[in-house]
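It should be emphasised that the depicted structure is a prediction, and the values quoted were computed from it without experimental measurement. Numbers restart at 1 for each chain; the letters A, B, ... are given by sequence-line order, proteins then strands. The figures that follow rest on heavy atoms only: side chains count, while hydrogens, waters and symmetry mates do not.
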Amino acid sequence: MRVVFLGTPEFGVPSLKALVNAGYEVAGVFTQPDKPKGRGNKMLPSPVKSCAMALGIPVFQPVKIRVDGVNDLRDLRPDLCVTAAFGQILSQEILDIPRIGTVNVHSSLLPKYRGSAPINWAIMEGETVTGVTTMMTDKGLDTGNILLKREVAILPGETAEELTARLAPIGAELLIETIRGLEAGTVRRVKQDENEASYFPMLKKEMGEIDWRLSAHQIVCRVRGLTPWPGSTFTWGGGEAVKVWKAEEAENLGKVPGEILCADAKNGLVIAAGEGAVRVIELQAPGGKRMNAKDYLRGHPVSYTEVELTEEKHG
RNA sequence: CGCGGGGUAGAGCAGUUCGGUAGCUCGUCGGGCUCAUAACCCGGAGGUCGAGGGUUCAAGUCCCUCCCCCGCAA
């Protein structure tokens, strides 16, 4: 069985490796073009590209696969295409190329949390269970027929970064199971229930600005869900934006949202929310590195009494 | 050459402008107070100031070279 793999970030790497380990012939890998990244704007390959090259698999990096990648894909004559966080929309022309079809590994329990950031949104919405779904890709956005699903519990306090790392290998496992099932004819294609469906948008940087009028629970969930990108920030003093890496719910002593309840090395940093209060455990000041809030306060005495409320930004 | 910040005691920082005894908060160790304590008081230990070279009577501080870390932007 000739397979072509399409993926970009770290999430897809375990799936690609699993395909190879399971003995499938991976004829080619499509991934997003290298982009200037990091300090000095060096060009960096995507994690999937690095992996593919290490495995000696030909790599293709069309800017828009549905425009300049069609011929390359067709030449590979795939029996099956597999996508895992590829980052580009596939056209019907692309979907028609593989003989069997295109299987997508999606990190939510479809039809819930369609969209490009399902892990982040599930955490932000306060879910305690999510999972991975394999589906036959169709022209809609995560609307294709469902093949297999696996539930995974979201651990208390878990961040999107941690959950993504946990879900990636589970997705890889499910992918192999799915393909074997397709080959054996034991996997059914189940239409998605549109009444159960939900779609959540791409993440935007502004979503990280903390609205202190929300409840402490909501704020903490958002902080977890937006880690590591775009991260959650609040503003105090002379417009200094502080990034919150880790936070937990705390008691509010009847103060108004945004009021700083304490900010010193002994008691840590606690800020009043709309309901309850938020204890900032780990933070990062502009130009600084990520550190424990108490460590930060040791060298940076804080005289402010409140932080800016800002407004929740929806997608 | 995309823009910028930084490396000083176990942790977080000040000191560098204008060279002249190595400081602060915390931790740690010892002692004291207390029914008790993460609280308070007293005392101590702990630093080749990222590396190398240069200037100087004298360099954390000035000059040159190098290494490492981090933020923004994507």
Q) What does A:Lys243 touch in the nucleic acid at a heavy-atom separation under 4.0 angstrom: a base, only the sugar-phosphate, or nothing? A)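 Answer is sugar-phosphate: A:Lys243 comes under 4.0 Å of backbone atoms only.
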Q: Pick base, sugar-phosphate or nothing for A:Lys294, based on heavy-atom distances below 4.0 Å to the nucleic acid.
A: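 The residue A:Lys294 makes no contact with any strand.
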When the [atom1] atoms of [M] and [N] are compared, how many Å lie between them, rounded to an integer?
N	M	atom1	answer
B:G50	B:G31	C1'	38 Å
B:G54	B:U61	C1'	15 Å
B:C29	B:C13	P	24 Å
B:C3	B:G43	C1'	50 Å
B:G44	B:U48	C1'	23 Å
B:U16	B:G6	C1'	14 Å
B:C70	B:C33	C1'	45 Å
B:A39	B:C26	C1'	15 Å

(Q) Students often mix this up, so state it plainly: with edges at 30° and 60°, are the rings of A:His300 and A:Tyr296 parallel, tilted or perpendicular? (A)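 Geometry flag for A:Tyr296 against A:His300: parallel rings.
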Q) Between A:Tyr113 and A:Phe200, how do the two ring planes meet: parallel, tilted or perpendicular, split at 30° and 60°? A)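 Rings of A:Tyr113 and A:Phe200: parallel, as their planes differ by under 30°.
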Measure from the side chain of [X], starting at C-beta and using heavy atoms only, and say which of [options] lies closest.
X	options	value
A:Lys205	B:G12, B:A74, B:A73	B:A73
A:Arg298	B:A11, B:C13, B:A39	B:A11
A:Arg39	B:A11, B:A39, B:G4	B:G4

Q | Side chain A:Asn41 and base B:G2 donor-acceptor under 3.5 Å | A |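 Counting by modelled atom types and ignoring angles, a donor-acceptor contact under 3.5 Å is found here.
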**Q.** Taking every non-hydrogen atom, the tightest pair across A:Leu76 and A:Gly28
**A.**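 Heavy-atom minimum between the residues: CD1-CA, 4.1 Å.
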Q. Does A:Gln284 put a side-chain nitrogen or oxygen below 4.0 Å from OP1 or OP2 of B:G71?
A.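 For B:G71, OP1 or OP2 has a side-chain N or O of A:Gln284 closer than 4.0 Å.
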(Q) Is there a side chain to side chain donor-acceptor pair (under 3.5 Å) between A:His217 and A:Ser215? Walk through the geometry before answering. (A) CA-CA 5 Å; A:His217 179 71; A:Ser215 73; over 6 Å; no
**Q.** Matching residue for A:Glu173 among A:Arg180, A:Arg166, A:Arg150 - test: salt bridge (Lys or Arg N to Asp or Glu O under 4.0 Å)
**A.**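 The residue from A:Arg180, A:Arg166, A:Arg150 that satisfies salt bridge (Lys or Arg N to Asp or Glu O under 4.0 Å) with A:Glu173 turns out to be A:Arg150.
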